[in-house]
2 protein chains.
Amino acid sequence: MDNSSKKTAILETGDRILRILECFNSEKTEWGVTELSDYLGLYKSVVHRALVTLENRGFVTKNPISQKYFLGIKLFELGMVVAGQMNLRTIARPFMEDLCEFAKETVMLMIIDGLDGICIDKVESSQSVRYTTPLGKRVPLHAGATTKILMAYLSEEKINKIVARGLKRFTPYTVCDSSELIKQLQLIKEKGYCISSNDFSLGGMGIAVPVYDYTGNVVAGLSISGLEIRMRENKEQLLLECQKAADRISKRLGAR
Amino acid sequence: MDNSSKKTAILETGDRILRILECFNSEKTEWGVTELSDYLGLYKSVVHRALVTLENRGFVTKNPISQKYFLGIKLFELGMVVAGQMNLRTIARPFMEDLCEFAKETVMLMIIDGLDGICIDKVESSQSVRYTTPLGKRVPLHAGATTKILMAYLSEEKINKIVARGLKRFTPYTVCDSSELIKQLQLIKEKGYCISSNDFSLGGMGIAVPVYDYTGNVVAGLSISGLEIRMRENKEQLLLECQKAADRISKRLGAR
DNA sequence: ACCTTTCGTTCCGAATATAAGAACATTATT
DNA sequence: AATAATGTTCTTATATTCGGAACGAAAGGT
């Protein structure tokens, strides 16, 4: 097990509570006691007491019909506190809206957490067929423009970790060969942008550029994501506008 | 202390972890170890270990400059899972957008959690001076139209609890007298809507109506919130549109 | 530049909260 | 009606956590 981050002894009971919370996601919003205990390899009684503890504080709620538990409103509340403190988000928002207006495609803002990407904001195009992704969703970095632009600026060490974890195939065009992916990433970093299509979702296309903060590090990826068929003819112009928006956001974040 | 909800013994260590998380809000996003231990009446070592546990799982992050802790991205992630499962929200959204378009004022959707209200969605008017409130923020129920409509449909028992907790004054017009408030609430329930101004924020006005689900219970309050000076002349029409929207939402939720 | 205070972090023995496992209660399924 | 599956409760030994002191580093004042 990877305990590299474990400097001090952690509280096992507390950690277990957090691990239980982490089991809930948009694919699986409800868990029963037995299910959870099987999944985590814990005793039923242990999981049950943990869930009661969580329920008493509103972190989970019991569905009285199914008898199962789902995440409570308290987590929405705390999630919104986090959203508020991500001022990258508030700064980026107006620029994203303008960019969406111009491109008529969905605009996304993504950051890295650990070895994954998380979409922290989006402005969806009003087209009936459009690219859409849930906020807060954790996605691997090796497929899709918005994630690849982020991956390209990672340290070699992190890139290797991601590759070592395995490169999941999303479409027939996903780059799952590690050496080819690394070559692609180098090229992306050289050019300072990433245009890719069909590697994350068929028919989809993404144009992504990095956003920098005052330390000069890449803190986010900004992208226009939509349908290849609509975007391919004027991708140069879309790229230009996307870069303009990212530059403005970076400047507002203190990048020189 | 109120232990009515404490059926089974809860995990103290786990509960402490959750209590620590609850200390973070948009007014205070960063806490130091000593501060927190003073605030919660816990030993520094206890709080420190809890924070390390939380940090290891990404629930809090340490600001390397201030040495203090703030909520981590993991909570944004979980918060978004909660947002996704609140399908009241997805159903209500388009109606709220239409209503905002019509009213040119901010439209809010609020639910009850415990003895407080929480705004779970909003569509802000594009006016430069407009009513605005953060998503996920916990507010008392006795002031403001959106909250009072919710309070009006509560059980007598709950209303008494809220009154017993004390009625905070927000403006000179806030109704802080319990018997007058209760009389107001009865009237609101009779009429099925709430129009109030200046009791939560000076110059502000709210028009709020209830939203029902398939069980026939009030599950949310929908409101138009804006400036009194702009709204007062055509409040009847605004109310009508607000009611129409709420009815449509209720119907979509299965209310007859 | 030095002292003082404050704060985050570590350490260790004592104490107690918790895990483990079984048993019970309740609901669904056959 | 019998069986299976799932949520809940109970009890005790033990391993985790607390409590308190001590350490080191930074901040602030003199």
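Every chain is numbered from 1, with letters handed out A, B, ... down the list of sequences.
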With sequence neighbours left out, write down each residue that passes ring pair (Phe, Tyr, Trp, His ring centres under 6.0 Å) with A/F76, or none if nothing qualifies.
->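 Testing A/F76 for ring pair (Phe, Tyr, Trp, His ring centres under 6.0 Å), a comparison that skips the adjacent residues, returns none.
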
Taking the side chain as C-beta and beyond, is there a heavy-atom pair between B/K74 and A/V82 under 4.5 Å?
-> no

Got a sec, which residues hit side-chain hydrogen bond (donor to acceptor under 3.5 Å, both in side chains) with B/T90, two or more places apart in sequence or on another chain?
->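 Per chain and number, B/T90 pairs via side-chain hydrogen bond (donor to acceptor under 3.5 Å, both in side chains) with no residue.
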
With sequence neighbours excluded, tell me which residues meet side-chain hydrogen bond (donor to acceptor under 3.5 Å, both in side chains) with A/K28.
->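 Here the qualifying residues are A/E35.
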
Using salt bridge (charged side-chain N to carboxylate O under 4.0 Å, His left out) as the criterion, list what pairs up with A/D116, not counting sequence neighbours.
-> A/R138, A/R165

Any residue meeting salt bridge (charged side-chain N to carboxylate O under 4.0 Å, His left out) with B/E157, in chain and number order, not counting sequence neighbours =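 Checked B/E157 against salt bridge (charged side-chain N to carboxylate O under 4.0 Å, His left out); zero matches.
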
Please tell me which of the listed nucleotides, [options], lies nearest to the side chain of [X]?
X: A/H48; options: D/dG7, C/dT9, D/dT17; value: D/dG7
X: A/Y69; options: D/dG7, D/dT8, C/dT9; value: D/dT8
X: B/R16; options: D/dG7, D/dC18, D/dT16; value: D/dC18
X: B/T13; options: D/dT8, C/dT18, C/dG8; value: C/dT18
X: B/L11; options: C/dG8, D/dG7, C/dT18; value: C/dT18

Separation of [X] atom [atom1] from [N] atom [atom2], in whole Å?
X: A/D15; N: D/dT16; atom1: CG; atom2: P; answer: 13 Å
X: B/L51; N: D/dT17; atom1: CG; atom2: P; answer: 15 Å
X: A/I17; N: D/dT16; atom1: CD1; atom2: P; answer: 16 Å
X: B/I20; N: D/dT17; atom1: CD1; atom2: C1'; answer: 13 Å
X: B/E35; N: C/dT5; atom1: CD; atom2: P; answer: 21 Å
X: A/W31; N: D/dT6; atom1: CH2; atom2: C1'; answer: 15 Å
X: B/K62; N: C/dC7; atom1: NZ; atom2: P; answer: 15 Å
X: A/L42; N: D/dG7; atom1: CG; atom2: C1'; answer: 16 Å

Is the B/Y212 ring parallel, tilted or perpendicular to the B/Y153 ring (thresholds 30°, 60°)?
-> perpendicular

Please evaluate the base of C/dG8 for a donor-acceptor partner in the side chain of B/K44 within a cut-off of under 3.5 Å?
->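 By the distance-only test, yes, there is a pair.
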
Taking for B/Q67 and for A/Q67 the nucleotide of DNA chain D with the nearest heavy atom, the one nearer the 5' end belongs to A/Q67

Hey, which of these two, A/G14 or A/G32, hits DNA chain D nearer its 5' end, going by closest nucleotide?
->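 Its nucleotide being nearer the 5' end, the pick is A/G32.
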
Polar atom pairs (N or O), protein with nucleotides 10-13 of chain D, under 3.5 Å:
none

